[in-house]
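Quick notes on the structure that follows.
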Amino acid sequence: MTSETYTNPVLNADWSDPDVVRVGDDFYLTASSFGRAPGLPLLHSRDLVHWTLIGHALERLEPAAEFRSPRHDCGVWAPSLRHHDDRFWIFWGDPDQGIFQVNAPQIRGPWSRPHLVKEGKGLIDPCPLWDDETGEAYLVHAWAKSRAGVKNRLTGHRMHPEGTAVLDEGKVIVDGDRIPGWFTLEGPKLYRHDGWFWILAPAGGVETGWQGAFRARDFFGPYEERIVLEQKDTEVNGPHQGGWVRTRSGEDWFLHFQQRGAYGRVVHLQPMRWGASGSAAGWPVIGDEGAPVLEHRRPDLPAGPPAAPATDDDFPGGRFGRQWSWTANPHDGLATQHSADGLRLTCVRTADAHDLRRLPSVLTQRLPGLPSAVEVELELHSEEPGARAGLAVLGDAFGWIGLQRGTDGAVHLVHRFAEAVAERERDAAHPRLAPRGRARLRIEIGTGARCRFAYDTGDGLRYSGPVFAATPWRWVGALLGLFALAPPGTGYAGAAAFGEFRISPLRPL
């Protein structure tokens, strides 16, 4: 990479199902957040290469009671971000409830509460369009077979101009079953360009699929289709599902994801143009003649300073940064305490301390996409036997290292894990005394998301247990997590203090 080029991915972590919009000289991006809260992350860029996380549009998921406990693969699926009538709009599908939207006068809010636009099971990946040429408003969405019994089709509606409801029963406007070789058609993004209605939508599944383009003179069809981005002979598997954006000077770009196992869905930036002649005339041409690029000339935009979504945190005033989300809606049991010495998490009493996957009280952020060392300071302030706190890698399988108060009154350094099929954790190494009740915890994440756990209780860094291979959830990449727990009972169970959370580059294992 040189000062005139950029290298993909431009967001090397799990920013799943990205969509993008330009307002003036600013670009904004949102992504799926599934069952975590806050949800609907909001990212900002001036050059399409360097992005920062500036907030979230969804404080908690609705209905709140449904997301009081973790539902890791549910919630916010594949949002669409638009700017219309001097407001920002985000539509998303909850596969168990229907299509929601929130809106705000400014990207930083205040955002409205979620409004249910269309109720139903299996309604996913919605995208609105306000057609300036006709004054009509439209909505397109896909289907999740796990809830609706059907997939591989896109349904279109006329929509109320205020984005509050659909105005008809809907019509299947693209049926993937009628296109030879196409399957799992989903993730549509709807546009108007050059007198055509355009739907950019992926198919073929997240691991091996492709990006399609559809066009019609009328919103309800008929549509013709074309594959406009696919892996070909590159290393970028399944390049698809994202959004088209045009710069003020007229350059076209496409942001999409690539599925990378435990790392989740990382985001690539592809050049895009509209074909001028031959078979490509009038169609989008993405990447290098339809193949994804790994390095390319930067967009013709003022180059900004190097930037990326925050990961490190000193927890000033006892508050955590916006890169963190809970594994469910926050409630009284997830209390943090303001302090001058880092983040203090209350030890939440629970009967599920043996399985971190069941707990709403894990504070998480995305696994870094490059080999990295994750470190945090921990001190356990609890006299409750069985109280524990630690640093975790959380997915279908999980592993963690931390401190636990023993029945003998001493604090022990413990390292535990659970396989994907296990219902409870077990020791990955023999517990050791932590005489001062504090430790520096470390996880080294190497190639293939292989993790080595380590600790320092005052006599130098020591490695613990075997290498642990991080795993994703069904649709979500693995997460880093901080937690503090205590056995069931009554009364205050103490707290854990976390400080100086750091993620730094690591040479591959």
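Since this is a predicted model, take the numbers as computed values, not measurements.
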> Would you say Thr364's side chain and Leu479's backbone share a donor-acceptor pair under 3.5 angstrom?
Replying inline: no

> salt bridge (Lys or Arg N to Asp or Glu O under 4.0 Å) between Arg113 and Glu62: does it pass, once the steps are laid out?
Replying inline: CA-CA 9 Å; Arg113 288 193 61 176; Glu62 301 284 354; 2.6 Å; yes

>> Which residues pass the side-chain hydrogen bond (donor to acceptor under 3.5 Å, both in side chains) test with Glu423, not counting sequence neighbours?
In response: none

> When the ring planes of Trp253 and Tyr6 are compared, do they come out parallel, tilted or perpendicular, using 30° and 60° as the limits?
Replying inline: perpendicular

>> Please check this pair: side chain of Asp312 against backbone of Ile503, looking for a donor-acceptor N/O pair closer than 3.5 Å.
In response: yes

>> Looking at Asp352, is its backbone amide N or carbonyl O close enough to the side chain of Thr350 to form a donor-acceptor pair, meaning the two atoms are under 3.5 Å apart?
In response: yes

>> Donor-acceptor check, side chain of Arg357 to backbone of Leu359, threshold 3.5 angstrom: yes or no?
In response: no

> Just by modelled atom types, is the Pro309 backbone N or O under 3.5 Å from a matching donor or acceptor in the Thr52 side chain?
Replying inline: no

>> Test side chain to side chain contact (heavy atoms under 4.5 Å, CB included) on Ile99 and Trp92; report intermediate values, then the result.
In response: CA-CA 6 Å; Ile99 294 168; Trp92 75 92; over 6 Å; no

> Does the side chain of His256 come under 3.5 Å of the side chain of Gln211 through a donor N or O and an acceptor N or O?
Replying inline: no

> Would a distance-only check, ignoring hydrogens and angles, find a side-chain to backbone donor-acceptor pair under 3.5 Å from Glu230 to Asn237?
Replying inline: no

> Can you name the side-chain hydrogen bond (donor to acceptor under 3.5 Å, both in side chains) partners of Thr134, sequence neighbours left out?
Replying inline: Asp131

> Which pair of non-hydrogen atoms, one from Leu139 and one from Pro126, has the smallest distance, and what is that distance?
Replying inline: CD1-CB, 4.1 Å

> His157 side chain to Asp168 main-chain N or O, any donor-acceptor pair under 3.5 Å?
Replying inline: yes

>> Does either side chain, that of His141 or that of Asp125, offer a donor lying less than 3.5 Å from an acceptor on the other one?
In response: no

> Trp198 vs His193 aromatic rings, parallel, tilted or perpendicular, using cut-offs 30° and 60°?
Replying inline: tilted

> Is it the case that Ser16 and Arg265 place a side-chain donor and acceptor less than 3.5 Å from each other?
Replying inline: yes

> Could Arg226 and Trp283 be counted as a cation-pi pair, given that NZ or CZ must be under 6.0 Å from the ring centre and within 45° of the axis?
Replying inline: yes

> Taking side chain as C-beta onward, heavy atoms only, is Leu154 less than 4.5 Å from Val172?
Replying inline: no

> Is there side-chain contact between Leu482 and Phe320, with heavy atoms separated by less than 4.5 Å?
Replying inline: no

> If we ignore angles and hydrogens, is there a donor and acceptor under 3.5 Å between the side chains of Thr155 and Lys171?
Replying inline: no

>> Pair Asp96, Arg71 - check salt bridge (Lys or Arg N to Asp or Glu O under 4.0 Å), show working.
In response: CA-CA 11 Å; Asp96 300 302; Arg71 302 179 67 200; 3.0 Å; yes

>> Any non-hydrogen side-chain atom of Ser80 less than 4.5 Å from a side-chain atom of Ile90?
In response: no

> Taking side chain as C-beta onward, heavy atoms only, is Trp274 less than 4.5 Å from Val285?
Replying inline: no

>> Any salt bridge linking Arg273 with Glu289? Criterion: basic side-chain nitrogen under 4.0 Å from a carboxylate oxygen.
In response: yes

> Within 45° of the ring axis of Trp196 and under 6.0 Å from its six-membered ring centre, is that where the NZ or CZ of Arg217 lies?
Replying inline: yes

> Relative to the ring of Phe501, is the ring of Trp324 parallel (under 30°), tilted (30 to 60°) or perpendicular (over 60°)?
Replying inline: perpendicular

>> With side chain to side chain donor-acceptor pair (under 3.5 Å) as the criterion, how do Gln101 and His115 come out once you've worked through the C-alpha distance, each side chain's angles and the decisive distance to 0.1 Å?
In response: CA-CA 5 Å; Gln101 62 96 340; His115 174 80; 5.3 Å; no

> Which pair of heavy atoms, one from Ala449 and one from Tyr263, lies closest together, and at what distance?
Replying inline: N-OH, 2.8 Å

> After noting the C-alpha distance and the side-chain angles of Glu186 and Arg153, does the key distance pass the salt bridge (Lys or Arg N to Asp or Glu O under 4.0 Å) rule?
Replying inline: CA-CA 7 Å; Glu186 57 188 354; Arg153 63 191 63 178; over 6 Å; no

> Closest heavy-atom contact between Phe214 and Ala201?
Replying inline: CE1-CB, 4.2 Å

> Between Arg158 and Tyr138, is NZ or CZ placed under 6.0 angstrom from the six-membered ring centre and within 45° of the ring axis?
Replying inline: no

> Has Arg366 got its NZ or CZ under 6.0 Å from the middle of the six-membered ring of Trp15, at an angle within 45 degrees of the ring axis?
Replying inline: yes

>> Walk me through whether Glu251 and Arg297 qualify under salt bridge (Lys or Arg N to Asp or Glu O under 4.0 Å).
In response: CA-CA 12 Å; Glu251 282 189 345; Arg297 172 189 58 81; 3.2 Å; yes

> Atom CG in Asp26, atom CZ in Arg46: separation rounded to 0.5 Å?
Replying inline: 4.5 Å

> Can you tell if the side chain of Val374 reaches within under 4.5 Å of the side chain of Leu480, non-hydrogen atoms only?
Replying inline: yes

> For Asp25, does its backbone N or O pair with a side-chain atom of Arg22 as donor and acceptor, under 3.5 Å?
Replying inline: no

>> Evaluate Phe27 against Val245 for side chain to side chain contact (heavy atoms under 4.5 Å, CB included), listing each step before the verdict.
In response: CA-CA 9 Å; Phe27 299 92; Val245 68; 3.8 Å; yes

> Judged by modelled atom types alone, do Asn329 and Arg68 share a side-chain donor-acceptor pair under 3.5 Å?
Replying inline: no

>> I'd like to know whether Cys127 forms a side chain to side chain contact (heavy atoms under 4.5 Å, CB included) with Arg82, so could you lay out the CA-CA distance, the side-chain angles of the two residues, the decisive distance to 0.1 Å, and finally the verdict.
In response: CA-CA 9 Å; Cys127 186; Arg82 293 294 181 264; 3.2 Å; yes

>> As a quick check of understanding, evaluate side chain to side chain contact (heavy atoms under 4.5 Å, CB included) for Trp473 and Leu394, giving each step before the final call.
In response: CA-CA 9 Å; Trp473 306 99; Leu394 189 62; 3.6 Å; yes

> Rounded to the nearest 0.5 Å, what separation is found between the CG atom of Asn103 and the CH2 atom of Trp111?
Replying inline: 7.5 Å

> Is a donor on one side and an acceptor on the other found under 3.5 Å between the side chain of Arg60 and the backbone of Pro330?
Replying inline: yes

> Looking at side-chain heavy atoms only, is the closest gap between Ser69 and Pro360 below 4.5 Å?
Replying inline: no

> What's the shortest heavy-atom distance between Asp218 and Phe220, and which atoms?
Replying inline: OD2-N, 2.9 Å

>> Please determine whether ring pair (Phe, Tyr, Trp, His ring centres under 6.0 Å) holds for the pair Tyr28 and Phe88, giving the CA-CA distance in whole Å, both sets of side-chain angles, and the decisive distance to 0.1 Å.
In response: CA-CA 10 Å; Tyr28 301 103; Phe88 289 91; 5.4 Å; yes

>> Ignoring hydrogens, what is the shortest heavy-atom contact between His56 and Arg322? Give both atom names and the distance.
In response: CE1-O, 3.0 Å

>> Checking Trp244 against Asp252: is there a side-chain donor and acceptor pair closer than 3.5 Å?
In response: yes

>> Quick one: does any side-chain atom of Tyr223 pair with a main-chain N or O of Phe219 as donor and acceptor, under 3.5 Å?
In response: yes

> Parallel under 30°, tilted from 30 to 60°, perpendicular over 60°: which one fits the rings of His240 and Phe257?
Replying inline: perpendicular

>> Is there a side-chain contact between Val49 and Leu269 in this structure, where contact means two heavy atoms from C-beta onward sitting under 4.5 Å apart?
In response: yes

> At their closest point, which heavy atom of Pro161 faces which heavy atom of Trp130, and how far apart are they?
Replying inline: O-NE1, 2.8 Å

>> Are there over 12 heavy-atom neighbours, none belonging to Gln106, within less than 6.0 Å of that residue's CD?
In response: no

> Is Gln258 close to Pro239 at the side-chain level, that is, under 4.5 Å between some pair of heavy atoms?
Replying inline: no

